[in-house]
Amino acid sequence: MSETLSNLSREERRFEPPADLAANANLKEEAYDRAASDREAFWAEAAERLDWGQKWDQVLDWSNPPFAKWFVGGTINAAVNCVDRHVTAGNGDKVAIHWVGEPEDDTRDITYSQLKDEVSRAANALTELGVQKGDRVAIYMPMIPEVAIAMLACARLGAPHTVVFGGFSADALASRVVDCEAKVIITADGGYRRGAPSALKPAVDEAVEKTGDLVRNVLVVRRTGQDVDWNDSRDVWWHDVVDGASAEHEAQMHDSEHPLYVMYTSGTTGKPKGILHTTGGYLTGTSFTHWSVFDLKDDDVYWCTADVGWVTGHSYLVYGPLANGATQVMYEGTPEKGRWWQIVQDYKVSIFYTAPTAIRTFMKQGREIPDGYDMSSLRLLGSVGEPINPEAYVWYREVIGGERCPIVDTWWQTETGQIMISPLPGVTAGKPGSAMKALPGTAIDVVNDEAESVGNGNGGYLVIKEPWPAMLRTLWGDDQRFKDTYWSRWEGLYFAGDGAKLDEDGDIWLLGRVDDVMNVSGHRLSTTEIESALVSHPKVAEAAVVGAADDTTGQAVCAFVILRDSAGDGGEDIVEELRKHVQKEIGAIAKPRQIMVVPELPKTRSGKIMRRLLKDVAEHREVGDVTTLADSTVMDLIKGKEGSSS
Ligand code: 6R9
């Protein structure tokens with residue numbers, strides 16, 4: 001793989017950490033050695049940042065791999081750590097959430113004291129509805145404060161929640177409810193989407209219909225005020241049962257390994273996998289990484305743009321930041337021209353965490369839009385979800401970060417629960433496009449088919465060699481699938497499913513999912529690398545590359561590109577121009593056989609391009625299942641373009 005994957009890491013720009021940030025960084029360089037010399041002691045110290053009922057007897061029990069137990073014998077309550085303890089410490093008046101609704105001027109500021117009252121009321125109301133420790137509760141809501149309140153109320157009671165993204169279908173909701181046997185669904189009448197109310201309750205009604213008599217109650221927040229069908233024996237308004245409930249609620253401590261939540265993520269085929277996270281280790285891993293990777297200080301205003309229906313919304317919008325007592329922005333809408341930067345300006349956001357897909361969308365619209373706002377409050381930028389190509393990184397740094405903010409490109413997964421690979425903002429000289437190093441306390445390697453370390457300068461598969469606190473504990477109800485999916489490829493190694501390369505300095509470059517590695521005439525090519533080459537062309541805003549079956553070469557490179565607004569239609573010879581550009585950047589072997597100029601790319605809610613669907617187009621097949629797309633009409637737009645390109 002090495003000779004064909006060398007292009008990305010030819011990137012030679014380096015960005016040193018700002019001197020004042022480096023001097024005052026929460027985590028300094030010594031942490032790497034300290035963690036390496038005694039990993040368990042390192043994580044025990046991180047766990048000490050939390051409030052425990054009973055302290056643990058043992059940091060890690062790894063006697064029955066791959067089933068880990070962290071902080072064994074300890075008891076803890078996640079909601080108490082995210083809310084009550086900040087009030088007890090005298091920070092009750094600190095804003096926990098600056099909520100910004102989609103309709104302009106629809107905003108709410110919620111302090112930690114208010115959050116404590118709301119979570120307690122919701123916990124009391126859920127208890128009234130018969131929810132007990134261990135019961136599962138499904139949450140299907142828009143990005144409103146009640147979604148965080150609902151999650152924390154469940155955590156308080158020890159009732160594992162499963163949040164289903166509000167854009168998913170009734171079928172997707174039903175299958176998740178059935179898989180984890182949720183007795184209660186918490187939802188809203190609807191939410192706002194691109195300026196208009198969009199209903200949620202009908203999908204819940206349909207889902208409940210499909211699940212027999214499993215669901216006892218549906219708890220409904222009134223958000224949009226739209227008409228909803230009502231089943232008196234089952235449906236309950238949030239304002240009827242929560243608003244009137246007592247704001248006193250005595251929280252019980254739960255075992256460190258008590259299930260906190262199940263998050264479903266799509267597998268390569270078939271039924272989604274229910275990733276199980278438990279309490280003590282998860283909260284330790286997320287709060288510690290949130291504090292160290294984002295260098296969180298008391299007066300920061302943090303904003304993670306992720307939807308709560310995605311793991312990033314769990315770890316870095318709810319549990320991590322709130323456990324750290326941070327002030328954060330929560331926004332109901334999707335990226336729209338200017339609105340995000342208006343929010344940064346209005347709330348003086350200092351730490352901003354988003355996905356490469358959003359950055360490329362803004363690049364496409366042109367820098368004039370962000371240039372119109374005062375974003376001097378920003379001091380640190382983060383990226384997650386996909387490899388960030390060097391062009392997007394440099395644009396993000398220059399245009400959004402005013403060339404002063406370090407960028408942390410954070411690699412992790414629903415399964416890892418916490419960030420695993422990232423620069424440390426006060427330590428690492430960042431390279432555009434590289435997630436850099438395994439965080440202190442984690443053990444990561446890149447190996448070949450025989451599980452041997454590939455060594456610097458080579459590519460292979462990303463693996464995790466030692467257990468970490470926020471790791472998934474199993475797949476809900478399916479220990480065997482857990483073992484088969486992640487632990488069976490090589491003895492004792494966690495297989496992440498991503499390709500990666502170590503450069504000459506030993507820094508890590510993520511190359512996309514290994515199923516995204518193409519084989520063209522016997523050469524292994526990474527989709528990420530070719531996409532990155534395409535996006536480095538001034539006319540290209542975004543690119544997706546797939547390997548399509550080819551009679552002669554095995555697979556052939558097929559590219560789908562979105563042009564920048566400023567590029568117009570790109571001109572007559574745009575396709576040839578881009579093919580040549582890839583040839584110049586990487587080599588003739590990577591030159592796309594076909595390039596289609598398209599208006600949109602099919603993406604999941606978390607911003608990942610669904611290459612499987614593009615492959616269907618490239619191979620002239622019927623397009624497969626589109627139910628997890630954020631916008632299912634996109635494929636029609638793309639297919640409409642078929643035949644109009646070379
Ligand atoms: C947090 C999240 C996990 C997959 C992962 C990888 C990709 C995430 C990345 C990245 C390169 C980064 N990924 N962060 N690739 N650089 N900084 O995204 O979780 O939805 O489970 O996806 O996302 O391919 O394996 P999840």
Side-chain angles (χ1 to χ4, degrees), residues 8-9 163 165 168 261-268 272-277 282 285-286 289-290 293 304-317 319-320 353-360 381-390 392-393 396 407-423 428 430-439 444 446 459 461-464 470-472 475 485-486 494-501 507-517 526-529 531-532 603-612 628 630:
L8 264 179
S9 45
V163 180
F165 170 57
F168 281 174
Y261 70 81
V262 179
M263 168 103 254
Y264 287 88
T265 177
S266 43
T268 34
K273 300 177 285 195
I275 309 293
L276 174 67
H277 284 294
Y282 176 79
T286 54
T289 49
H290 179 259
V293 171
C304 167
T305 65
D307 191 282
V308 85
W310 179 31
V311 73
T312 304
H314 282 55
S315 297
Y316 297 105
L317 196 141
Y319 292 107
Y353 192 30
T354 194
T357 177
I359 299 164
R360 289 191 297 262
L381 304 174
S383 172
V384 60
E386 280 182 282
I388 179 166
N389 48 293
Y393 180 108
Y396 193 27
I407 295 180
V408 288
D409 173 13
T410 63
W411 180 90
W412 60 292
Q413 308 177 297
T414 307
E415 291 86 344
T416 69
Q418 64 180 82
I419 298 171
M420 302 297 281
I421 308 175
S422 168
T428 318
K431 300 174 182 174
S434 169
M436 305 300 292
K437 284 202 180 335
L439 284 180
I444 296 221
V446 180
Y461 307 101
L462 190 78
V463 294
I464 308 176
M471 67 194 281
L472 78 166
L475 296 180
T485 311
Y486 305 104
Y494 170 88
F495 172 54
D498 280 38
K501 181 190 154 79
D507 292 321
I508 304 168
W509 297 73
L510 277 312
L511 298 170
R513 303 290 303 178
V514 285
D515 31 22
D516 294 341
V517 174
S526 122
T527 52
T528 302
E529 187 171 27
E531 287 164 8
S532 193
K603 284 184 195 151
T604 64
R605 231 330 111 173
S606 61
K608 290 182 187 32
I609 296 167
M610 289 192 72
R611 293 187 180 74
R612 170 170 67 77
T628 53

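Indexing begins at 1, ligand by ligand and atom by atom, following the structure's order.
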For ligand 1, output the ligand-protein N/O contacts shorter than 3.5 angstrom; if there are none, return none.
| residue | atom | partner | partner atom | Å |
| --- | --- | --- | --- | --- |
| ligand 1 | 13 (N) | Gly385 | O | 3.3 |
| ligand 1 | 14 (N) | Gly385 | N | 3.1 |
| ligand 1 | 15 (N) | Pro387 | N | 3.4 |
| ligand 1 | 16 (N) | Glu386 | O | 3.3 |
| ligand 1 | 17 (N) | Asp409 | OD1 | 2.7 |
| ligand 1 | 17 (N) | Thr410 | O | 2.7 |
| ligand 1 | 18 (O) | Lys608 | NZ | 3.0 |
| ligand 1 | 19 (O) | Thr414 | N | 3.4 |
| ligand 1 | 20 (O) | Trp310 | NE1 | 3.0 |
| ligand 1 | 20 (O) | Lys608 | NZ | 3.3 |
| ligand 1 | 21 (O) | Thr414 | N | 2.8 |
| ligand 1 | 21 (O) | Thr414 | OG1 | 2.5 |
| ligand 1 | 22 (O) | Lys608 | NZ | 3.3 |
| ligand 1 | 23 (O) | Gly385 | O | 3.3 |
| ligand 1 | 24 (O) | Asp498 | OD1 | 3.1 |
| ligand 1 | 24 (O) | Asp498 | OD2 | 2.8 |
| ligand 1 | 25 (O) | Gln413 | NE2 | 2.9 |
| ligand 1 | 25 (O) | Asp498 | OD1 | 2.7 |
| ligand 1 | 25 (O) | Asp498 | OD2 | 3.4 |
| ligand 1 | 25 (O) | Arg513 | NH1 | 2.8 |

**OP:** Measure the shortest side-chain to side-chain distance between His290 and Tyr319 over non-hydrogen atoms and say whether it is less than 4.5 angstrom.
**Re:**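 The answer is no, as the side chains (C-beta and beyond) never meet within the 4.5 Å cut-off.
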Original post:
Do the non-hydrogen side-chain atoms of Tyr316 and Thr289 ever get within less than 4.5 Å of each other?
Top reply: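 In contact.
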**OP:** Would you confirm whether His314, through its side chain, and Gly417, through its main-chain N or O, come within 3.5 Å as a donor-acceptor pair?
**Re:**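 No: the side chain of His314 does not pair with the backbone of Gly417.
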**OP:** With sequence neighbours excluded, tell me which residues meet side chain to side chain contact (heavy atoms under 4.5 Å, CB included) with Thr604.
**Re:** Ser606, Lys608, Met610
Subject >> Results of side-chain hydrogen bond (donor to acceptor under 3.5 Å, both in side chains) for Trp411 - residues two or more places apart only >> reply: Asp498
**OP:** Only counting residues at least two apart or in another chain, list the ones meeting side-chain hydrogen bond (donor to acceptor under 3.5 Å, both in side chains) with Thr428.
**Re:**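 Once residues adjacent in sequence are excluded, Thr428 has no partner under the side-chain hydrogen bond (donor to acceptor under 3.5 Å, both in side chains) criterion.
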